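A short worksheet on the structure shown next.
What you see is a predicted model; the values in this text were computed from it and never measured. Scope of the values below: all heavy atoms of this structure, side chains included, with no hydrogens, waters or symmetry mates.
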Amino acid sequence: QVQLTESGGGSVQAGGSLRLSCAASEYTHRTNCMAWFRQAPGKEREGVAALYTLDGTTSYSDSAKGRFSVRQDSAYRTVYLQMNSLRPNDTAIYYCAAVPRDLGKPCWASPLRAEQYTSWGRGTQVTVSS
């Protein structure tokens, strides 16, 4: 399984921006789908943004559309989540995840479905104050 390490979290005021990074132990295009999830205290894990690594197609939750963007670097080793116009309810631990290699393109049928992701990072805390 690919090993994933998140970084870039921190504390910002509402309206600010953060860029999260997810470093992968192998080429990102070896796993067709990668995604960012988040979990706030007392709430269920929520899919935020997903990336189809073979062609860069993206998918976002309604709460993330227009504010967040996901992309991978040209070396296919890091996935980024750029978060703009942050709100207090964006406060959560953010996790990077990847599907198994053998899942293939079907992972894109439901790119924000957490159950298909088997590799997870340890998370990075994002705190947005009002």
Side-chain angles (χ1 to χ4, degrees):
Q1 280 189 334
V2 61
Q3 304 299 312
L4 303 171
T5 305
E6 303 95 337
S7 62
S11 297
V12 295
Q13 291 191 329
S17 298
L18 281 174
R19 188 180 77 165
L20 306 184
S21 299
C22 172
S25 61
E26 58 187 54
Y27 292 118
T28 55
H29 59 257
R30 290 186 177 176
T31 170
N32 288 20
C33 293
M34 294 186 68
W36 287 93
F37 291 81
R38 67 186 183 186
Q39 188 163 22
K43 294 190 176 181
E44 294 187 355
R45 182 174 47 192
E46 171 192 16
V48 174
L51 175 71
Y52 189 64
T53 60
L54 297 187
D55 64 10
T57 303
T58 57
S59 179
Y60 299 94
S61 66
D62 287 343
S63 64
K65 283 178 185 176
R67 301 188 300 127
F68 294 2
S69 64
V70 59
R71 68 173 183 87
Q72 60 192 334
D73 69 339
S74 58
Y76 298 99
R77 296 302 292 265
T78 304
V79 173
Y80 301 102
L81 181 68
Q82 178 67 43
M83 304 187 295
N84 300 325
S85 301
L86 284 163
R87 307 164 179 165
N89 60 6
D90 291 319
T91 295
I93 299 175
Y94 284 70
Y95 299 91
C96 178
V99 300
R101 288 186 197 177
D102 59 2
L103 182 56
K105 194 171 182 179
C107 67
W108 203 245
S110 298
L112 295 179
R113 185 173 67 89
E115 290 75 13
Q116 65 183 345
Y117 290 88
T118 56
S119 295
W120 293 83
R122 300 184 69 174
T124 186
Q125 176 71 46
V126 171
T127 302
V128 185
S129 58
S130 58

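The two residues Ala50 and Trp108 come nearest to each other via the heavy atoms O-CH2, 3.6 Å. Across all their heavy atoms, Ala40 and Ala92 have their closest contact at N-CB, 3.8 Å. Listed here is the closest heavy atom pair of Cys96 and Glu6: N-OE2, 2.8 Å. Between Ser17 and Ser85 the shortest heavy-atom distance is OG-N, 4.3 Å. Minimum interatomic distance between Ala14 and Ser130 (heavy atoms only, all atoms of both residues): CB-CA, 4.3 Å.
For Thr28 (side chain) and Thr53 (main-chain N/O), no donor-acceptor pair under 3.5 Å exists by modelled atom type. Looking at Thr124, its side chain never comes within 3.5 Å of a backbone N or O of Tyr94 through a donor-acceptor pair. Gln116 places a side-chain N or O within 3.5 Å of a backbone atom of Cys107 that can act as its donor or acceptor partner.
Aromatic ring pairs are classed by plane angle as parallel below 30°, tilted from 30° to 60° and perpendicular above 60°; the pair Trp120 and Phe37 is tilted.
Atom CG in Leu20 sits 12.5 Å away from atom OG1 in Thr78 (nearest 0.5 Å). Taking CG from Leu18 and CD from Gln82, the interatomic distance works out to 8.5 Å, rounded to the nearest 0.5 Å. Note that CZ of Arg122 is 11.0 Å distant from CD1 of Ile93, once rounded to the nearest 0.5 Å. Taken from OH in Tyr95 to OG in Ser119, the straight-line distance is 15.5 Å, to the nearest 0.5 Å. From Glu46, atom CD reaches atom CD of Gln39 across 10.5 Å, with rounding to the nearest 0.5 Å. To the nearest 0.5 angstrom, Arg19 atom CZ is 10.0 Å from Ser69 atom OG.
The closest side-chain heavy-atom distance from Gln13 to Leu86 is not below 4.5 Å. Residues Ser63 and Phe68 fail the side-chain proximity criterion, which asks for heavy atoms closer than 4.5 Å. Residues Ser61 and Leu112 are in side-chain contact: their nearest non-hydrogen atoms beyond the backbone lie under 4.5 Å apart. For the pair Met34/Leu4, a side-chain contact is recorded, criterion being any heavy-atom separation below 4.5 Å from C-beta on.
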Query raised in the report: Would Glu26 and Thr31 count as a side chain to side chain contact (heavy atoms under 4.5 Å, CB included) if you check the C-alpha gap in whole Å, the side-chain angles of each, and the deciding distance to 0.1 Å?
Result: CA-CA 9 Å; Glu26 58 187 54; Thr31 170; 5.7 Å; no

Query raised in the report: Given Arg38 and Val126, is the side chain to side chain contact (heavy atoms under 4.5 Å, CB included) satisfied, shown in steps?
Result: CA-CA 9 Å; Arg38 67 186 183 186; Val126 171; over 6 Å; no

Query raised in the report: Checking side chain to side chain contact (heavy atoms under 4.5 Å, CB included) for the pair Tyr52/Lys105: CA distance, chi angles, key distance, verdict?
Result: CA-CA 8 Å; Tyr52 189 64; Lys105 194 171 182 179; 3.3 Å; yes

Report task. Walk me through it: do Leu51 and Trp36 pass the test side chain to side chain contact (heavy atoms under 4.5 Å, CB included)? Result -> CA-CA 9 Å; Leu51 175 71; Trp36 287 93; over 6 Å; no

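Linking Ile, Leu, Val, Met, Phe, Trp and Tyr whenever their side-chain heavy atoms come within less than 4.5 Å leaves Val99 and Tyr60 in two separate clusters. Note on Val79: it clusters hydrophobically with Met83, by side-chain heavy-atom contacts below 4.5 Å among ILVMFWY residues. Follow the hydrophobic side-chain contacts under 4.5 Å out from Leu81 and you reach Val128 in the same cluster.
In summary, Asp90 and Arg87 do not engage in a salt bridge, as defined by a charged side-chain N under 4.0 Å from a carboxylate O.
A cation-pi arrangement is found for Arg77 relative to Tyr27, the charged atom lying closer than 6.0 Å to the ring centre and inside a 45° cone about the ring normal.
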